[in-house]
Amino acid sequence: MTTPSIACIGIIGKHDNPLHIALFPPHTNHPSAHLEFSFLLNASLDIFDARARDRNRVDQDLGMLQAVDERLSIWGWETGTGTRFAVVVDAWGKAGNKGLRGIADGDLRGAFKALQTAYIRLLQNPFYVPDEHTPMAVASGRVNGGQITSKRFVEEVRRIGKVWRPGMSVV
Amino acid sequence: MEPPSSSSHVTGTYLPCDPSPAIKASNYDLFPQQTREADFSSTTVEYTDPSGTYPSLSSELHHRLPLRHLHWKSASRPVRTIDSLHVTLIADQNLLDANHNGPVPKGESPRKERRHQIPGLRQTPYLKIYLLQCGDVDTYRADTRKLLRDWVKDHTPPSQSSTSLNKQENHDAFEWLIVHVLPASAEGGASRPSSGARTESEKRPTSSRWPSRSSSSVIEKIRADFNGTSKNAVDRVAQVQVAEHPGGDSGRPQLRSQDDKNGWEDLIAKMKSLILASFDLRVNQYEEDIGEKELQRNLPGWNFNTFFVLKEGLARGFESVGLTEDALIGYHELAASLNAIVDGQGGGDTAEQQQALFNEHTDDLIEAYKQAERRSKNTKTLGQEKPLVGDLGACILNTDRKPFRDLILANKISSYDFQSYIFARQVSLLLRLADVGVHTQLPTSGAVFEGDDDPQSDVGTESLKSSGKHREDLIILAEVAQRASDFINSVATTVRNDIKSGIHQSGDSQNGNEGFSHIVHEEIVENLVASWVFSTSKCILEATSANSLSAQLDPILRQLKSSTESSIEDNEDGVGSIMNTVHRQGLPDRTSSLKAPASLMSQPPTRQSFPSVISLDAVRLLPPATSHPGTQELASQRGDLLALTRRACSGLGLQHLNRQGGLADVGLVSRAEAEAMREVKLESTTEQEEKQLEAPPVNTRAPTTAGICNKTLFSALQSKQDFYQAFEGLTVSMLASYVVGGRMKAAEAMTLDLAVTRFLLEDYEVAASYFRQLAPFYAKDEWSDLELLTLNLYAQCLHCVGRDEDYVRIGLKVLAKAIRNRAASGQQPQVSSIEPANACQLPQSAMGSLSGILSASRPLKEHIPLRMDDYFDRIDIGVHVRHSPKDDGFQFPLFLRSLLPETFLADSVRVQILSVAEEHRSELWLHADGRNIEPGTSEIWLRSNTMFPAWYVLNQVTILAGNILFIHSLSPPSDGPSFARSRYSALPELANRRRLLLWPQSRSLEARLSQSETVHLERPKSLVVSISSGWNDIIHGRLSLRAASAGLRLHTAQAEIRNGKVALTDKSQPGSISFRQLHPDITADIIVPYSLESDLKEIVVRAEVTYATEQGEFVYACGSKISTILPITINVRDAFKKGALFSTFTVGTAESIPVRVLKCTVEGNEDFSATSQIPDRSEHDVFIPQPLSLVSRIQRTSRGKLDLAASETVQRKMFLHVEYRCLNQEMLVAAESIFSKALAATPWQKLCRLLMPALLTTLRRRFSTQQLEVAGLVHVLDVGTFDDHDWRSSVLAGLPPDLGEELSRWLREWHDDHPTISFKDVDPPSPRQHVTVPFEVPYVQILHTIRMHPLHHRAGLRGLPDYVAIGSALPLRVVIRHTRQWWGGDIRSGNDGNALVFQYEVHALPDDWIIGGQKKGHFSAQADETFSFAILLLPQRTGHLMFPSLDIHPSPPPGILQAADVGHDSAESSVSCEMDYQQQCETVQVVSDLMSTTVSIDPGGTVGGAWVVESKSR
């Protein structure tokens, strides 16, 4: 029985810069998937902004940002430091089963918390300097691309994306 | 006032409430439908009007409706205020029937019989009114009372009847009210009732509320009869007065009396309270039931439908009294639990349980499917099909299209229907909240969809009309849109599952061709789903369009459309109409399409004035709308809805045309047609593309369009062109929405899609203008993939447009970004190897165009410089030089890793290397032409014919391909003018780079610079440039010399050849000397004079020999520091004698370097002769403390003794020639000779030009004063050890390791064998150096010879006294005599032989002598005339005392003194005197005066001691 799965995880810095984008099957096979998801994530930043402006928001979980179509939906989470996690959920799951439905509101919480834990661990890494992962740093040529290169973090994101199932409270 | 209607149904609202015949005819009419769903916004009040008074009453009543300001107090809720309550008045059917057919027995009503067990679906009246017309009490007593009693009994709500405990009845709880209608005629209406009233009032004055009214008696009676007896009984009786002619003017009610008004007010108040009371009852009942059902939720057999009906009943109750929010909450809860159930159904956990509740499929959908399937079977070809299936999505908001509630009650509803029903209800409530009125069944479709001939598409289309232009609540509209997108996304799945399950149930028996039909089924299902999504979204879009929003959208749309349309019409004729359709569809602006359809659709005046670029700017600059709260949200949500529409469209496009619009197509096109697009000319591309597209890619069967119900969608799928236009239209609408919605990033993405669409439509100009503005947007936040894509497409556009220069620039930028991205992604530890490849998938298409970029760059006028580091990696030079075997050139490799995706031809590769040494900073360019540089690491051998031996580091690499110049420079960019010398001063890191050692081959040309061996102090100094041709047969060459020291001037024009082996041809160019034909193994010395402005110790000269041989042209360069200091110093002291001049030359060392003087001669001239003192072949070593002195006797020659002719002068100039060798030179030559002999026997011979300078440099550095002195004495040079020489850093590091290892072994051995070198007899000897020092014989006019003769009795041998005793005087005769022999013979000397006056003075140290006699005096003498005088010397102390000295000055004659006073200054005035003082070094011994002394020593004496007995004086 297939369940909805994560299609894409995007870690986006507070300057709206992509820190890490991970795709998951079956979308990894599609040639232009990376670009398409990049566009989705980028366009979702507007909604992030709109949600961030909402003063009533107390939770970091922003819920569903946008239902792209019956298959894909974007869910958001914003950490206290402004780093944003966007998860694109594929309702049809890894097998592309068309009959499946989307997920409910709190289903991604576990995944987001796991992502946040991973990100905090990344920040604790003394070799990871957040300031080097900003557009300014990249523009000044100090670093070669603002992407997160920590192997551990990337692995963890990959694991979260693979393992997550709707309703998992701890990923 | 409405006219009295013959119809018995008059409504209080403006809506017609006639039951639809279609619904009446349906099979589901369990009970007759009295109202439509639209009426749920009002409450129903039933009236029973047996006497037909209603028509007279209605106008007055309508005038007071709707009810205003109701306050509902509920136990479980806060007080709700209902501002206005619409009331629908209906007549009692039973009574009507009864009027016709006689009274129906109570309790036998067929309605009651057929009542469904589950309540809540009926719109039963909240209030039943009995309209009583009864003139007087008697009539009342006679008939009316009974009728009333029957009615009341019949209509007593069960809640009030104590007998009935059926709770169900409370769902229909109602109240009753008796209204006593008093007819009042226009003329005398007041009289009749008033009389009656008066009588009544007299009877019951106290209890009547209207004491002045005649009818009070009747009303009192009624009250007494029906109001009950308890105190808190509700007053259910009211009385109003009506005009008899209700058709009267509207002003009449105001003319009524106060009482009359009171009556009406009372009625209204009673209606209010009674309606509220029954409403309260109902709510309580419903809530109770719902709570009960809620508790049973988890029990087996729990039926959601039942729950739903109850809950909806409550919600409808709320709705009917105007509490829309409460109703909404109910529906929201229902929707949520329904979704949960449907999800659960999908999950399958309790599937069997739940399936019992919902039908698996919906008949409509299945019907649509079947219809589509039939169609797909009939006509297979694309394009001939017509969408005849009803559009399901378009009527989604219509809750009347099916008797949903009946289906629910019958448990026959499908989940799709259920969900859409709830959704439609939610939307209608929300729209009501948003103050957008509901307007049914307006034929709007014709206005929105052009030429709509689909009868079904407008069945359910509800158009909404805003009740006021500025009262729309956009926030709620936004919520509608947001809910809609959620709904559409979730229900699309339901639709799909629904149809599928329907097929599986019904379709198995239909055909046997399983595989084929399965595909078709799938396609049809997908078509249906996409079509449903499309239509539904459209429907919602129409419902949510608001005036204020469209006011903001319109200008943007107009601009965008004008740009796209105009360009489309430019490019492709005949598609404008479709675009129009699409645009209008993309802008479902109901209001404007209704009111001013022409103005929006046709804007010919603006079309031309909006070029696309400007319009895009305008979009970007548009401030987010702030005028209306919620505008942003609404626009943004509508944008999302449009996005859904577009995605549905894209999905179908992908299926049918293999096009989905936007980015994905770019991949398709670029992959499939990239080659074609490049090679085929632009005009023919379209055809090509069409052809390729028309061919179905995979399937042999054209995909069916069956199931696409929406006409617009269908027409969009007719061709690729249509599809793109539809897509673009949607994109434009989305863009506009997002701009207004303030979602700039989404808007940018839309712009990109627009650009891509333009690109795919081959409208490259417009696309390029879009792209140009987009690129920085994505670059800003490091969305590099997107930026790359944008740039890539931009580049392709530029290429297609033919803007080569921009194309090249952007294309290269794309390449650089792609490479950088790949590098960055390469850094990431991606687990799967697929991912990076995917990320670069699209850029690959551009990267394939490198050759295109290069060729496009060729026609450009100037080079395009680029940073090489963006395209190449690991740029470095090899550190080991490879010499050419046959000529003087050399090579070394340049290593680099090309990150470019394909091999390209580099027209030239040039490398600049920079020498490390501080003083001779030199740059060398090496080059390689026409190399193919492949992706990946490559090694390019660079060649140079220029040799400047030194250590080098890499400084700059340039690769020129086409007109693209890749530059890799390690030196910091020079900003502003900088001095040449300081240009590299800021290179501290220079030392850290990899070093390259350059040295000439052993047999290559060599040029050495040295100070000329021959120095003539009178002439300019000169350099010697000795050029050894080596193995080169030089055809012609040129020596360039450059002074590198300040103040140094090289006079190359005066250069000459020393040994004549080569001919100089051209010396006219300053600093350059050309020479001809130099055969192999010939050394030519070119002497170049130079001059110095200031006194420099050393000069720096750089020489460059450019020479041409048959192998080509070569350059040898070297720079030398040349010491200008003479290693020797020469001092002269002259001593004149009468016959000769004795010059003493002292040769010393200048720089503490021992010098071996080989020869020293004084060259005489015709007037003077000299004796040479040191002959050849006798060597004298000169050290610092040991200078060499030689005395030369200079005499006048015989010619000089003669008096010269007047014209002649005496030649006084003479020359001293010194030949010498410097010891250090000698040692170096010795070392060189020995070392080269040792080398000659080994393979290291080839390295001699490398090793020798290193050895000599080290030796030279090791020389110290002491060492030189020792070496000068013992003639042995201490070479030092291997380690002293530091070979490793100077030489070995520049060699390949194995070679270096061997060499170091050999060098070590050599050093062990040669700790010292004897340079006693070196062959060849070091060159002798020659200094010619000119000097002049001093010009002396008068030479005095002074002699002193002691006039003493005891003269010694030479006439001098042996001794002089102290105290005795020494008389002395001084004889002075002078000669004018050195005066020369010229007239100007003034030697006329006259006597000259001199003055003399005798000096003596006062301690030595006391001089007696005349110490000073004048005398006059002629030549050779003797003058003598005597003095007396008294010695003052003993010892050898020098004779006093004597000064003689010519005493100027008085005339000359005067002349001198006047200012005449002539040679005569300065007659010079020299003295040959013959007693100069002689001494006189002065002794004491005693000759002898006798000392007596008497030890026996009384005194004791010793004493002088006698002494004898001299």
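Naming convention: chains lettered A, B, ... in sequence-line order (proteins, then strands); numbering from 1 in each chain.
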B:A746 and A:A43 have their tightest heavy-atom pair at CA-CB, 4.0 Å
Compare all side-chain heavy atoms of A:M64 with those of B:D486 and state whether any distance is below 4.5 angstrom. yes
Report the distance from atom CG of A:L72 to atom CZ of B:R647, rounding to the nearest 0.5 Å. 5.5 Å
Between CG of A:D16 and NZ of B:K745, what distance do you get to the nearest 0.5 Å? 3.5 Å
Is there side-chain contact between B:L752 and A:F39, with at least one heavy-atom pair below 4.5 Å? yes
Minimum heavy-atom distance A:V68-B:L644, with the two atoms named: O-CD2, 3.2 Å
Counting only heavy atoms closer than 4.5 Å, note whether A:L41 contacts chain B via side chain, backbone, both or neither. both
Minimum side-chain heavy-atom gap B:R743-A:Q66 below 4.5 Å: yes
